[in-house]
Amino acid sequence: MFNLKLKPREYKDLLLERTLEFKSKVDYNTRYTVAAYRQNRESIEAKYTKQDEMTYNCPYLGYVDDSNSKIGCMIHPIFTGDPKSQNFSFYGTSICQGYDCKNKEHIASSLIESLILKVAKSSIEFSHLASDHILIFALEKWLSFKGWSISEGIEKMESLLIKILQLRLYVEDSFYPTSFEIRYEQFLDESDVYKLIEDYASMNAIEKEVDEVKRLGDEILTEMKNTPARI
């Protein structure tokens with residue numbers, strides 16, 4: 001979803017637009033309506049600029065609950081009763097059901113999810129952070145430099161990690177994370193991780209938040225650098 005270059009509010013509007021059209025025009029018992037929905041949405045959404053033109057954005061992603069707060073696949077078998085219903089999508093059932101985002105595949109995924117839930121105020125913010133596997137990898141590397149596993153680090157340094165996630169959200173307009181994003185950075189030492197935080201703190205933010213972003217970035221870096229290594 002975040003491969004589309006939209007503002008946070010525009011993501012919400014797009015998801016709601018998809019969901020309302022899907023509910024009003026798709027009858028799974030009339031199979032052609034499922035394919036017709038995809039064809040129409042692809043035509044409508046062709047106008048959007050993408051971060052990566054080679055990455056497909058599936059129009060079956062929408063809200064899957066009555067309160068329009070939970071994002072998911074609208075043709076998932078749990079909703080259709082058909083184990084192969086995702087064959088209507090570009091990727092098909094085997095890929096859709098066999099692939100998870102990198103953070104969800106992480107051994108500490110439940111702890112990562114709990115941490116993100118303490119920061120995210122909406123499903124859009126949650127999805128934005130949950131899809132950023134590069135940030136989670138960087139934090140895991142930094143914790144390892146200090147002698148902690150990510151599970152131990154989340155427990156011991158939760159307040160610091162929450163600040164880092166908050167900083168990341170302040171500059172979310174500068175990011176378009178996807179499940180297929182390649183991590184070129186290896187973060188070979190602590191300085192590489194600090195550079196990532198410095199980059200966040202220097203990115204464009206909403207004007208009234210520029211000072212807060214810089215202040216928070218400085219505070220985080222000071223706290224990280226002063227964190228002693230595990231003995």
Side-chain angles (χ1 to χ4, degrees), residues 1-2 7-9 11-12 67 69-72 100-179 181 183 185-187 189-231:
M1 178 173 68
F2 298 113
K7 301 295 183 182
R9 177 68 245 180
Y11 288 122
K12 295 178 183 178
S67 61
S69 60
K70 184 177 181 180
I71 302 170
D100 264 331
C101 69
K102 292 179 175 62
N103 285 336
K104 190 176 179 182
E105 293 175 339
H106 197 288
I107 191 171
S109 60
S110 60
L111 289 174
I112 294 170
E113 178 181 359
S114 296
L115 187 68
I116 292 174
L117 284 170
K118 292 179 180 180
V119 179
K121 298 182 179 65
S122 69
S123 55
I124 297 294
E125 288 188 351
F126 177 86
S127 298
H128 216 284
L129 291 174
S131 61
D132 192 347
H133 63 275
I134 293 176
L135 171 60
I136 298 302
F137 176 75
L139 295 180
E140 183 174 17
K141 291 287 287 187
W142 177 75
L143 289 168
S144 72
F145 295 142
K146 295 295 185 179
W148 303 93
S149 69
I150 190 168
S151 300
E152 294 170 325
I154 289 175
E155 179 181 352
K156 300 289 184 182
M157 296 175 229
E158 180 181 275
S159 61
L160 172 59
L161 298 178
I162 283 176
K163 289 177 187 177
I164 295 172
L165 295 180
Q166 289 171 332
L167 176 65
R168 172 64 175 72
L169 280 180
Y170 272 131
V171 294
E172 64 180 326
D173 284 0
S174 298
F175 286 88
Y176 304 95
T178 76
S179 296
E181 193 172 19
R183 187 190 72 239
E185 303 90 335
Q186 295 301 312
F187 303 104
D189 55 41
E190 290 183 44
S191 64
D192 292 336
V193 181
Y194 300 148
K195 178 63 166 57
L196 181 70
I197 302 301
E198 290 169 357
D199 289 344
Y200 286 175
S202 65
M203 286 178 178
N204 294 328
I206 299 173
E207 185 174 352
K208 65 180 181 180
E209 295 175 344
V210 170
D211 291 341
E212 172 61 14
V213 168
K214 185 178 184 308
R215 183 202 66 77
L216 184 58
D218 290 342
E219 179 181 319
I220 289 169
L221 284 169
T222 298
E223 192 170 343
M224 292 179 78
K225 291 176 182 179
N226 290 338
T227 298
R230 185 180 192 177
I231 300 175

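For Lys156, the NZ atom is loosely surrounded, since the number of other residues' heavy atoms within 6.0 Å does not exceed 12.
Tyr170 is not listed as a side-chain neighbour of Tyr200, based on a closest heavy-atom distance of 4.5 Å or more. Between Met224 and Val193, the closest side-chain pair of non-hydrogen atoms falls below 4.5 Å. Side chains of Ile71 and Ile124 form a contact here, defined as non-hydrogen atoms less than 4.5 Å apart. Residues Leu111 and Glu155 are not in side-chain contact: their nearest non-hydrogen atoms beyond the backbone lie 4.5 Å or more apart. Between Met157 and Glu223, every side-chain heavy-atom pair lies at or beyond the 4.5 Å cut-off. Side-chain contact between Leu139 and Phe187 is absent, with no heavy-atom pair separated by less than 4.5 Å. Contact check for Asp192 versus Lys141: no side-chain heavy atoms found under the 4.5 Å cut-off.
Side-chain contact annotation: Glu125 with Ser122, donor-acceptor N/O pair under 3.5 Å absent.
One finds no salt bridge joining Lys225 and Glu190 here, because no Lys/Arg side-chain nitrogen approaches an Asp/Glu carboxylate oxygen to under 4.0 Å. Using a 4.0 Å cut-off between a side-chain N of Lys or Arg and a carboxylate O of Asp or Glu, Glu198 and Lys195 do not qualify as a salt bridge.
Leu221 and Tyr194 get closest at one heavy-atom pair: CD2-O, 3.7 Å. Across Ala120 and Phe126, no two heavy atoms sit closer than the pair CB-N, 3.4 Å. Annotation for Leu196 and Ala138: closest pair CD2-CB, 3.6 Å, computed over non-hydrogen atoms. Nearest heavy atom pair, residue Leu129 against residue Leu165, reads CD2-O, 4.0 Å.
The backbone N or O of Thr227 lies less than 3.5 Å from a partner atom in the side chain of Lys146, making a donor-acceptor pair.
With rounding to the nearest 0.5 angstrom, the CG atom of Leu143 is 10.5 Å from the CZ atom of Phe145. Atoms CZ and CD1, on Arg168 and Ile116 in that order, are 10.0 Å from each other to the nearest 0.5 Å.
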